[in-house]
S.K.: 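Got a structure for you, questions after.
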2 protein chains.
Amino acid sequence: MKDVAEAAGVALKTVSRVVNGEPGVRPATAERVREAIARLGYRRNESARMLRSGRTSTIGLVIEDVADPFYSGLSRAVEDAAIRHGCLLLTGSSGEDPARERELVLAFCNRRVDGLIVVPAGDDHAYLRPELEAGVPAVFVDRPPGPGLDADTVLCDNAGGAALAVRHLLAGGHRRIAFLGDSPAIYTATERLRGYRETLGELFDERLVAMHPPTPESVRADLERMLALEDPPTALFTGNGRITVTVLRAMCGRWLPLVGFDDFELADLLSPGVTVVAQDPVGMGRMAADLLFRRIAGDRGPAEHVRLPVRLVVRGSVAR
Amino acid sequence: MKDVAEAAGVALKTVSRVVNGEPGVRPATAERVREAIARLGYRRNESARMLRSGRTSTIGLVIEDVADPFYSGLSRAVEDAAIRHGCLLLTGSSGEDPARERELVLAFCNRRVDGLIVVPAGDDHAYLRPELEAGVPAVFVDRPPGPGLDADTVLCDNAGGAALAVRHLLAGGHRRIAFLGDSPAIYTATERLRGYRETLGELFDERLVAMHPPTPESVRADLERMLALEDPPTALFTGNGRITVTVLRAMCGRWLPLVGFDDFELADLLSPGVTVVAQDPVGMGRMAADLLFRRIAGDRGPAEHVRLPVRLVVRGSVAR
DNA sequence: GGCCCGGCGGACAACGTTGTCAGCGGTCCG
DNA sequence: CGGACCGCTGACAACGTTGTCCGCCGGGCC
């Protein structure tokens, strides 16, 4: 900027004014400055600007894995909102590792992001308290933060969705409904288990429940074990998109009526189509971003807790 | 940092040394400093650090759409490499809009990213020349930059992959093979058309080619038009994952032997399974990131042009 | 016992920007 | 005709960090 000022024969501050479109510069001078900028290929240094102004026009997003369609949809929605507010997006995948989540969040804080959107991997967010108190707005999506942190959250109706799924299967005449869920360490997994369990009531049977991170082997083993019971399941409820797909693959050939939590591309093209409880990742991302930008704009109201509805999408997979 | 220094009763620079693990601080002093840091909840301001050091430990990634599985896989691979090098990732989706691509890239440059990975949307990258000359390393992925820019590129063998697909269909006895591709403005689309055309030789028939951004309506119309020909196609070659899926949906019920460019999740679970030319988005992302970090580390060798192989994954969709 | 050396700590400038305030003409009004 | 005001421009400090350089102090050696 100093060079531009010299080239245009004006003071540093005048260049700054032109660059920022501030008033008080004669058109002829401004033109001369702009010409010098173009000639020298000058670009404003945002680091310095941030340092001075305190705003980075950047928000941080921590998700579980960008490559997972659920999170990449959410991610895109957040990005769109960021662009609308003139912000850029720093993205990081925690891979369900609380330590990694913490590192990412703190790295974002070091860069003084204007706000954070976090899909928490762990359930201890004490490390975030100083940041929140320092005024960094944060919104938690898909899962609530650890205890003792009263921050904005955007969740979906996990238990209600599970209830929808189970009731649909019950209505189909099933009494032995297995649940294959993700690790109980994951909030959404236990919530969905809760909805499943409460809806089943006394039909609940612990032997029909399996919960851990899905691998083809573990899912296959779970299915084998359950199908070998003297009173095997006649239908399946799968706890997230990845598990649904893994189950579909593990079943190759055999078929059990199935409802999956979370919609996925091509669910409708499989035969039979897969009935799912559809969440709205894009809606969640948009909602979280809206909330965050309201906070960034200065909204200091009490923490908001949004719970988005889910809906049952009936396809062929439960026909008797 | 000044506050920490005061609280610990030492000089500013001593705090800086402790924070950066530099030698020359007595353990007792260092401990006092660390205690003060913890007590005050101090976090280093990266903006100031960048300003001073010139390195941001951040790289920028411009892709077409994070929500597209191809790009989200690539994205994840780049992120993993970035983390390995202690960098964070700024991500932006251009949505095939050259103006948006330009804005994103320039916004990244303003933030002084250490390097850029770009899936170009446009074919005029003159705007990037000053940045490249200023020493910002850039790697282009999936598509080459516009003419006159000699930068590192990581592409896949588009024409070769198309040839694989067409030869597979020819071997299946087909002579009337239609090609449904994306807009000819997209490099990969025209390359795949070229491979298709050259492999077909005199079997090539312009009436069996349709190229534009796929919408359910346009794809349906293309299929209708082609199937109404007196000599209709007996097989399809689809130019990317999105088109393949759109075609599958548009065909509902009817069936034509099909090979798609780009693999996609569940392609194997459809019945029949969809034969595809599989690219390796993760490999492309990793390769691009490796190249970029070599440049960032100071490699000033001539531009490298990597072309990754593709492979034909035969599934059921071409059985006669 | 004095000198030199090494280990440690601190003062200061600089990175590139923006906010504050002051200066310098010219114009308008009394 | 003089003073006040306004439009434009510029000098300077400050943001928080790090690199450079200097000084202090204690110990070992001559």
Side-chain angles (χ1 to χ4, degrees), chain A residues 1-37 40-58 86 106-114 131 134-136, chain B residues 1-37 40-58 86 106-114 131 134-136:
Chain A
M1 189 176 262
K2 201 175 64 178
D3 299 340
V4 173
E6 265 172 38
V10 298
L12 210 92
K13 180 63 200 184
T14 303
V15 179
S16 171
R17 271 194 267 263
V18 172
V19 170
N20 293 299
E22 288 173 28
V25 179
R26 208 158 16 193
T29 313
E31 195 40 54
R32 221 169 56 225
V33 170
R34 265 189 288 271
E35 189 272 334
I37 287 179
L40 297 180
Y42 162 81
R43 325 226 82 242
R44 178 168 61 191
N45 183 323
E46 293 291 326
S47 294
R49 172 173 237 251
M50 290 167 197
L51 178 59
R52 178 67 198 175
S53 67
R55 286 215 24 168
T56 57
S57 295
T58 305
L106 292 182
F108 289 168
C109 288
N110 279 353
R111 280 172 174 73
R112 298 295 189 271
V113 291
D114 292 340
E131 314 301 331
V136 182
Chain B
M1 190 175 262
K2 200 175 66 178
D3 298 341
V4 174
E6 266 173 36
V10 299
L12 209 91
K13 180 62 199 185
T14 303
V15 179
S16 171
R17 271 195 267 264
V18 172
V19 169
N20 293 300
E22 288 172 29
V25 179
R26 206 156 19 192
T29 314
E31 194 40 52
R32 224 169 55 225
V33 170
R34 266 190 289 272
E35 188 272 335
I37 287 179
L40 298 180
Y42 163 81
R43 326 227 82 242
R44 178 169 60 191
N45 184 323
E46 293 290 327
S47 295
R49 171 174 239 250
M50 290 166 198
L51 178 58
R52 178 67 201 178
S53 68
R55 287 214 22 166
T56 57
S57 294
T58 305
L106 292 183
F108 290 168
C109 288
N110 278 353
R111 279 172 173 72
R112 298 294 189 271
V113 290
D114 293 338
E131 314 301 331
V136 182

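Residue numbers start from 1 in every chain, and the chains themselves are labelled A, B, ... in the order their sequence lines are given, proteins ahead of strands.
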S.K.: Round to a whole Å and report the spacing from CZ of B:R52 to C1' of C:dG16.
M.R.: 12 Å

S.K.: From CE of B:M1 over to P of D:dG19, roughly how many Å is that when rounded to an integer?
M.R.: 11 Å

S.K.: With heavy atoms under 4.0 Å as the rule, sort A:V19 into base, sugar-phosphate or nothing.
M.R.: nothing

S.K.: I need the minimum non-hydrogen distance between A:V33 and A:V4, along with the two atoms involved.
M.R.: O-CG1, 4.2 Å

S.K.: Name the nucleic acid region contacted by B:R17, choosing base, sugar-phosphate or nothing; use a 4.0 angstrom heavy-atom cut-off, strictly under.
M.R.: base

S.K.: Under 4.0 Å, heavy atoms only, any strand: does B:T29 hit a base, just the sugar-phosphate, or nothing?
M.R.: sugar-phosphate

S.K.: Counting only side-chain N and O atoms of B:S16, is one of them less than 4.0 Å from OP1 or OP2 of D:dT17?
M.R.: no

S.K.: Does the side chain of B:N20 get closer than 4.0 angstrom to OP1 or OP2 of D:dT18 through an N or O atom?
M.R.: yes

S.K.: Measure CZ/A:R112 against P/C:dT17 and give the value in whole Å, please.
M.R.: 20 Å

S.K.: How long is the line joining CG of A:L12 and P of C:dT17, in whole Å?
M.R.: 8 Å

S.K.: With a 4.0 Å cutoff (strictly under), does any side-chain N or O of A:R26 reach OP1 or OP2 of D:dT9?
M.R.: yes

S.K.: Atom CD of B:E6 and atom C1' of C:dA11: how far apart are they, to the nearest Å?
M.R.: 15 Å

S.K.: Would you name the heavy atoms of A:C109 and B:R43 that are closest together and state the gap between them?
M.R.: CB-CD, 4.5 Å

S.K.: Could you tell me the separation between the NZ atom of A:K2 and the P atom of D:dA11, rounded to a whole number of Å?
M.R.: 13 Å

S.K.: Out of curiosity, B:S16 OG to B:R52 CZ, how far, rounded to the nearest 0.5 Å?
M.R.: 10.0 Å

